[in-house]
Structure formats: C-alpha cells, structure tokens
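As a basis for the values below, the full set of heavy atoms in this structure was taken, side chains included, without hydrogen atoms, waters or symmetry mates. So that the names make sense, note that chain A is the first sequence line, chain B the second, and so on, each numbered from 1.
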2 protein chains.
Amino acid sequence: MLSWGDYISIDIHQTDLKLTSYIKNKLAPFNLAPEQNLILMLLWELDGLSQNDIAEKLDKDKTNIARMVLNLERKGFIKRTVSQHDRRSLKVNLTEKGRALGNKIIPITEEFNHLVTHGITEEELKELSRILKKMRENAR
Amino acid sequence: MLSWGDYISIDIHQTDLKLTSYIKNKLAPFNLAPEQNLILMLLWELDGLSQNDIAEKLDKDKTNIARMVLNLERKGFIKRTVSQHDRRSLKVNLTEKGRALGNKIIPITEEFNHLVTHGITEEELKELSRILKKMRENAR
DNA sequence: TTAAAAAAGTTGCTATAACAACTAATAACA
DNA sequence: TGTTATTAGTTGTTATAGCAACTTTTTTAA
C-alpha cells in the first residue's frame with residue numbers, strides 16, 4: 001500500500017499551492033489576482049483575443065474565463081466588444097491602464113520565476129517540464 | 001523577456017489542475033471531493049487527529065480544514081468531538097462509514113498514481129520530487 | 001433552404017484556497 | 001495570581017475551478 005509521500009500528485013499540488021500563494025501576495029498591491037494575471041500575460045503578448053481563445057490557451061472552463069474577464073473589465077484593465085464577424089464572440093482588448101500595468105508586472109513575474117528556479121539547472125527544468133507534460137497526457 | 005512557456009510555475013499549475021480534475025471525476029461517484037479525500041487519507045493512516053493537526057499536515061489554512069471537515073461530517077464519514085485535554089480542540093474520528101469508504105477509495109487512488117506515473121522511472125520521480133521540494137523552499 | 005447541430009457566453013451551483021476579524025480556552029510570565 | 005499572549009476554531013469575504021443548463025448566433029446537412 002502506498003503511503004502519503006508516495007503520491008506524486010500530492011507533491012505537485014502542494015507545490016502549486018505554495019507558488020500560487022507566493023505570487024498572489026506579490027501581485028496583491030496591484031489589485032491583480034494570479035489567474036487574472038495569466039489572462040493579461042496572454043493579452044500583453046497578443047491583444048484582441050476572444051474569451052474562447054483565452055479559455056483554450058489556458059485550458060480552462062469558459063465559465064471562469066468569463067468571470068475573470070468581467071473582473072478585469074471592472075478593474076479597468078480590459079474592455080470587451082462584440083466581434084463584428086461573429087456576434088456570439090467577445091473580443092478582449094487591453095485598455096491604456098491594462099497596457100501600462102504590464103510594464104510593472106512583467107518584471108515581477110520574471111523575478112518570481114528567477115527566485116523559484118534558484119539552484120536548479122536548465123537541464124533539470126527541461127526534464128521537469130518533460131515529465132509534467134507526460135503526466136498531463138497520462139491523465140487525459 | 002520570458003515568454004509563456006518559460007514559466008515553470010504555469011507548467012506546474014496546469015499539471016495540478018489536470019490531475020486534480022481527473023481524480024475529482026474518479027471520486028465523484030463516492031460523493032467525495034479531492035481535498036476531502038486528502039483529509040480522509042490522513043485519517044485512514046492515523047485516526048483521531050485534531051483539525052489543527054490536519055491543517056498542519058496539509059499545510060493549509062485552518063479555515064478550509066474546518067469547512068471541509070464539516071462537509072465530511074455532514075456526509076457521515078467522520079465525527080467531531082471536543083478534546084478532553086483541550087476544550088478548544090476538536091478531535092476528528094472516522095465513522096464506520098468513513099472507515100469502510102477507505103477500502104473502496106484507496107485502490108482507486110493507487111490506480112490513479114499508477115496511471116499518472118506511467119512511462120516514468122523511479123529515478124525520474126525521485127528527481128521530480130526533489131526539484132519540487134526545492135521550489136517550495138525557494139518560495140518560502 | 002429550413003431543421004438540427006455546434007459554438008460562444010452567461011447564470012447557478014458546489015468545492016477549494018487564503019486572509020481578516022472574531023470567540024473561547026489555554027499558556028506564559030511579571 | 002492575574003494580566004497578556006497564544007492557540008483552536010468559526011464566520012465573512014474574494015478568487016479560482018469546473019459542471020449543468022440555458023440563450024443567442026452561426027454552421028451543417030438533409
């Protein structure tokens with residue numbers, strides 16, 4: 001019988017919680033939650049995605065995306081407009097405020113990544129990433 | 001500047017979501033949520049922990065533990081009693097139903113672990129675990 | 001070309017997750 | 001010993017996370 005420490009999924013879960021909690025505190029002063037930040041990170045790379053595009057890229061339920069985008073709109077970081085080509089679809093665009101936020105947040109997330117990977121080599125990270133991907137495929 | 005795929009924390013986060021979602025579906029027929037299952041796993045190994053013990057072992061906020069334990073009690077899997085030595089503390093004990101549930105759930109979680117680690121060697125798992133631990137320490 | 005199917009979003013629900021502020025009980029210590 | 005600090009648990013709030021069922025619009029197909 002397996003004991004507590006043998007479950008790798010628990011290990012991953014605890015690590016995710018710890019990392020998410022850390023970045024949550026770093027982002028809090030900017031009135032930005034971690035998942036909201038992920039959405040903005042997508043938009044900073046490519047503005048004008050639809051909610052559906054975002055849901056696919058984040059591999060998340062569209063329900064949550066809708067609510068998170070709504071929050072981002074309330075905070076004034078993005079603006080939604082009905083797509084001209086498909087009236088079902090909502091295009092999500094950064095506001096000036098949302099674009100400006102990127103200049104502050106991106107250094108913070110890069111610093112965070114640097115901190116997290118401290119003492120871990122490039123090869124180890126690649127290996128880690130490879131194994132995690134395999135696990136995601138195993139659980140499909 | 002880092003791009004999307006360079007953030008190892010995102011990789012971990014997505015993997016955790018995928019694995020949690022998978023086991024959630026496996027446990028759903030038993031009216032058991034993933035985190036509730038973690039609590040029961042602790043109790044199956046050592047019955048009679050306090051809510052505070054559970055919070056420490058799971059490294060979670062005691063608030064959530066209180067609510068999850070309450071749910072487990074409503075479902076009839078555990079029973080809480082005030083500790084005789086410390087009247088602030090609640091002792092959490094398995095009911096007959098809760099103990100019986102273990103016989104059904106443990107094979108499922110072991111099968112889950114087996115599925116997740118398919119095609120991954122023992123050394124790779126050890127290495128993974130070591131790196132994850134390092135990351136948790138980095139984010140402390 | 002109209003009926004059926006699919007797609008994009010929304011609303012409602014349940015379950016985490018963590019913080020702040022609170023009560024009650026116990027421990028520390030001056 | 002009596003005040004203070006700490007500890008265990010609860011309540012309230014905000015933010016994910018995903019399922020089911022729904023509306024509106026677009027696409028497929030008979």
**Request:** Check every strand shown and say whether Ile65(B) touches a base, only sugar-phosphate, or nothing at a heavy-atom separation below 4.0 Å.
**Result:** nothing

**Item:** Asp61(B)-Thr63(B) side chain donor-acceptor pair, cut-off 3.5 Å
**Value:** yes

**Asked** Tell me: CZ of Phe30(A) to C1' of dT14(D), nearest whole Å?
**Response** 20 Å

**Request:** Calculate the interatomic distance between Lys62(A) atom NZ and dA17(D) atom P; express it in whole Å.
**Result:** 18 Å

**Item:** Atom-to-atom span, CD of Gln36(B) to C1' of dT14(C) - whole angstrom
**Value:** 10 Å

**Asked** Nearest-Å distance, CZ (Arg67(A)) to C1' (dT14(C))?
**Response** 11 Å

**Prompt:** Toward the 5' end of DNA chain C, which comes first, Ser89(A) or Thr63(A), by nearest nucleotide?
**Reply:** Ser89(A)

**Message:** For a quick check of understanding: with a heavy-atom distance under 4.0 Å over all strands, which category does Asn52(B) fall into, base, sugar-phosphate or nothing?
**Reply:** sugar-phosphate

**Item:** Among dC19(C), dT10(D), dA8(C), the nucleotide that comes nearest once only the side chain of Arg88(A) is considered
**Value:** dA8(C)

**Message:** Nearest to the Gln51(B) side chain among dA17(D), dT16(C), dT10(D), which nucleotide is it?
**Reply:** dT10(D)

**Message:** Does dT26(C) have its OP1 or OP2 closer than 4.0 Å to a side-chain nitrogen or oxygen of His85(B)?
**Reply:** no

**Complete:** side-chain contact (heavy atoms from CB on, under 4.5 Å) filter on Lys97(A), not counting sequence neighbours, yields Phe77(A), Thr95(A)

**Asked** Can you check the Met68(B) CE to dT10(D) P distance for me, whole Å?
**Response** 13 Å

**Asked** Atom CZ of Arg74(B) to atom C1' of dA15(C): distance rounded to whole Å?
**Response** 12 Å

**Item:** Side-chain touch Arg136(B)/Asp11(A), heavy atoms, less than 4.5 angstrom
**Value:** yes

**Asked** Counting side-chain heavy atoms from C-beta on, which of dA17(C), dA17(D), dC19(D) comes nearest to Asn64(B)?
**Response** dA17(C)

**Request:** Determine the contact category for Asp86(B): base if any of its heavy atoms lies under 4.0 Å from a base atom, sugar-phosphate if only primed atoms, P, OP1 or OP2 are that close, otherwise nothing.
**Result:** sugar-phosphate

**Asked** Is it true that Arg67(A) and Glu35(A) have a side-chain N and a carboxylate O under 4.0 angstrom from each other?
**Response** no

**Message:** Whether His13(A) contacts dT16(C) is assessed here as follows: a side-chain N or O lying under 4.0 Å from the phosphate OP1 or OP2. Is that the case?
**Reply:** no

**Fill in**
Comparing nearest nucleotides in DNA chain D, the 5'-proximal residue of the pair Lys18(B), Asn31(A) is Asn31(A)

**Prompt:** What's the closest nucleotide to the Ser50(B) side chain, out of dA25(C), dA17(D), dG9(D)?
**Reply:** dG9(D)

**Asked** Tell me: NZ of Lys60(B) to C1' of dT16(C), nearest whole Å?
**Response** 8 Å

**Prompt:** Is Glu96(B) salt-bridged to Arg99(B), going by a charged N under 4.0 Å from an acidic O?
**Reply:** yes

**Fill in**
In whole angstroms, the gap separating C1' of dG9(C) from CZ of Arg80(A) amounts to 9 Å

**Fill in**
Comparing Asn71(B) with Lys24(A), nearest DNA chain C nucleotide closer to 5' gives the residue Asn71(B)

